[in-house]
Amino acid sequence: MATTTDAIAKVRQEFPFLRRKVHGGLPLTYFDNAAMTPVPSIVQQRLASYYQSDTANIHRGLYYVSVEATRQYEDARKRVQKFINAKHCDEIIFMPGTTIALNLLAQAISAQFAATSNNDSEKTEIILTTMEHHSNIVPWQLQTNLCIKYLPMLANGELDLDALPQLISSKTKLISLVHASNSIGTINPLPEILQLCKAHGLITIVDAAQSVGHMPVDVQTLDCDYLVFSSHKIYAPTGVGVLYGKQDMLKQLPVVSGGGGSIKQVDLDKTSFLPPPAKFEAGTPNISGVLGLDSALEFLMNNDLPQLWQHEQDLLSYATAALQEIDGVRIIGTARQKVSILSFVIAGIHPHDIGTLLDFEGIAVRASHHCTHPTMKHFKVPATVRAAFSFFNTTAEVDLLVKAVSKAIHTFR
């Protein structure tokens, strides 16, 4: 069996992007994987193949190339089903991304609540958390018939689970929460949380955008009602996401966006819709992007994922210990369980300045609030520097990061 070092060296060869030079010849050290992951060669080849040989719209064409494109598209759905262990293939809905999927759920479920409410003046309560990405806050805030309660965080960036039972009342109908935080890396204990919420009859939604590429995600084991993630965070193209929903939930979910491909019959005064997944896939989808996602998942499933994911955890531990040795560095988010995301600030230096100086060394990090304003407010910082590691990163690259941070601090002092 190949050693971890050999395995990482081999997998790095699959990513042409990692050979990129910046600033006149510096090798790129890429640590912005929480925002977007590079795509391996197999994905690039799949995109080229679609546009060179299989360019056709899907589902409605009766000619050979359209039938072939349709087959590949539906095979991709089966691959996603297998990757997250959904019970039925029809539980996989292709979307433009996590954000659009969460907007669809917020609009559709809010409409369900309104339709079944016995009191128009009484708002339905839902639970979110204070560590959510804006994509799992704003869509719910836009629904005027909802009252949002927030599960708070503790000082270390873990959720305050003791507060959860007190948030649930007879008017509470739903909880939507992130599996792993995109800004501080916290992995939330979903089995414990979802079990409690299901016992109270709550609809459960999981944002898995930052977890599905870094740990096993099994929707049947989690027993969540809905789960969403984006392809560009799992080594696939942009503009594609996945909405998983239990079959019976999707059948009841109302349509909020209609058009060609989603309909059974259209008359001038009414429309009937096809069953899921077509019901929620109106219009021409991002066909090439879905095929790219298929190849990305094939790439992942053909590798030793437990070994690669353990390497990410080793990098996180290595980098955390090294940065903590630097005077003035403060790690933001010290949960006991984290994905390979390391956020930090430096006393007296704005994160944007640190990010710029690291870029001059060829190191790509994210210096931002990471679309998590409430999380930043919790830690009393305007932003953080975020290094998000993938399995293709190395300890040598982490050493470059640590050296560059020390150099940046010296520059300001």
Side-chain angles (χ1 to χ4, degrees), residues 14-17 36-84 86 88-101 103-104 209 212-213 228-245 247 250-251 253 255-267 271-302:
E14 301 299 323
F15 291 88
F17 176 72
M36 181 182 293
T37 50
V39 296
S41 296
I42 187 176
V43 173
Q44 299 176 33
Q45 293 162 6
R46 186 69 178 280
L47 296 177
S49 176
Y50 171 73
Y51 286 113
Q52 291 171 3
S53 304
D54 299 313
T55 306
N57 213 326
I58 58 171
H59 292 145
R60 295 180 289 280
L62 300 179
Y63 55 93
Y64 183 91
V65 179
S66 177
V67 171
E68 176 61 18
T70 299
R71 180 194 64 77
Q72 293 184 43
Y73 188 89
E74 293 305 323
D75 283 348
R77 199 186 306 276
K78 295 174 184 176
R79 181 99 61 185
V80 175
Q81 175 196 2
K82 182 177 180 180
F83 190 72
I84 63 173
H88 304 286
C89 184
D90 290 349
E91 295 176 325
I92 304 302
I93 314 294
F94 289 122
M95 304 292 296
T98 297
T99 297
I100 300 301
N103 272 271
L104 182 152
V212 73
V228 297
F229 66 90
S230 294
S231 64
H232 66 276
K233 300 180 190 297
I234 190 168
Y235 312 99
T238 59
V240 175
V242 170
L243 163 59
Y244 157 81
Q247 199 172 52
L250 291 175
K251 288 178 180 178
L253 199 66
V255 172
V256 296
S257 178
S262 66
I263 58 88
K264 182 177 182 181
Q265 177 68 39
V266 175
D267 295 310
T271 295
S272 59
F273 292 91
L274 292 168
K279 175 181 175 181
F280 301 105
E281 294 183 3
T284 297
N286 185 347
I287 302 168
S288 62
V290 168
L291 301 187
L293 173 59
D294 180 45
S295 289
L297 295 182
E298 179 186 9
F299 168 78
L300 291 174
M301 295 165 77
N302 284 340

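What's counted below: heavy atoms across the whole structure, side chains too, no hydrogens, waters or symmetry copies. In this text, all values refer to a predicted model and were calculated from it rather than measured experimentally.
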Item to check | Interatomic distance, Asn286 atom CG to Thr238 atom OG1 [nearest 0.5 angstrom] | outcome: 7.5 Å

Checklist entry - Under the criterion side chain to side chain contact (heavy atoms under 4.5 Å, CB included), which of Ile92, Asp294, Val242 is the partner of Arg77? => result Ile92

Item to check | For Ala56 against Ala69, the heavy-atom pair lying closest together | outcome: O-CB, 4.0 Å

Item to check | Side-chain heavy-atom pair Tyr244, Ile93 within 4.5 angstrom cut-off | outcome: no

Item to check | NZ/NE/NH1/NH2 to OD/OE distance under 4.0 Å, Arg71 and Asp75 | outcome: yes

Next on the checklist: Please check this pair: side chain of Ser295 against backbone of Gly292, looking for a donor-acceptor N/O pair closer than 3.5 Å.
Outcome noted: no

Checklist entry - Is there a side-chain contact between Phe229 and Val80, using heavy atoms and a 4.5 Å cut-off? => result yes

Item to check | Exercise: identify the closest heavy-atom pair between Leu253 and Phe280 | outcome: O-CZ, 3.5 Å

Checklist entry - Under the 3.5 angstrom rule, does the side chain of Glu281 hit a backbone N or O of Phe94 as a donor-acceptor pair? => result yes

Item to check | Gap separating the OG1 atom of Thr70 from the CD1 atom of Ile287, nearest 0.5 angstrom | outcome: 7.5 Å

Item to check | Gap separating the CE atom of Met36 from the CD1 atom of Ile234, nearest 0.5 angstrom | outcome: 14.5 Å

Checklist entry - Centres of the Tyr73 and Tyr50 rings: under 6.0 Å? => result no

Item to check | NZ on Lys279 to NZ on Lys251, rounded to 0.5 Å | outcome: 10.0 Å

Checklist entry - Would you say the side-chain atoms of Ser49 pair up with the backbone N or O of Gln45, donor to acceptor, closer than 3.5 Å? => result no

Item to check | Taking every non-hydrogen atom, the tightest pair across Leu47 and Gly289 | outcome: CD2-N, 4.4 Å

Checklist entry - Do you know the tightest heavy-atom contact between Pro237 and Leu293? => result CD-N, 3.9 Å

Item to check | Polar side-chain atom of Ser230 near backbone of Ala209 as donor-acceptor pair, under 3.5 Å | outcome: no

Checklist entry - At what distance, to the nearest 0.5 angstrom, does CD of Glu298 lie from NZ of Lys82? => result 10.5 Å

Item to check | Side chain proximity check, Ser257 to Leu104, heavy atoms < 4.5 angstrom | outcome: no

Checklist entry - Looking only at heavy atoms, which two atoms of Asn57 and Tyr63 are closest? And how far apart? => result N-OH, 4.3 Å

Checklist entry - For the side chain of Thr37 and the backbone of His232, is there at least one donor-acceptor N/O pair under 3.5 Å apart? => result yes

Next on the checklist: Within the 4.5 Å heavy-atom criterion, are Phe273 and Ile263 side-chain neighbours or not?
Outcome noted: yes

Checklist entry - Rounded to the nearest 0.5 Å, how far does CZ of Arg46 lie from CG of Leu291? => result 4.5 Å

Next on the checklist: Please find the pair of heavy atoms, one from Glu91 and one from Gln247, that lie closest to each other, and give the distance.
Outcome noted: OE2-N, 2.9 Å

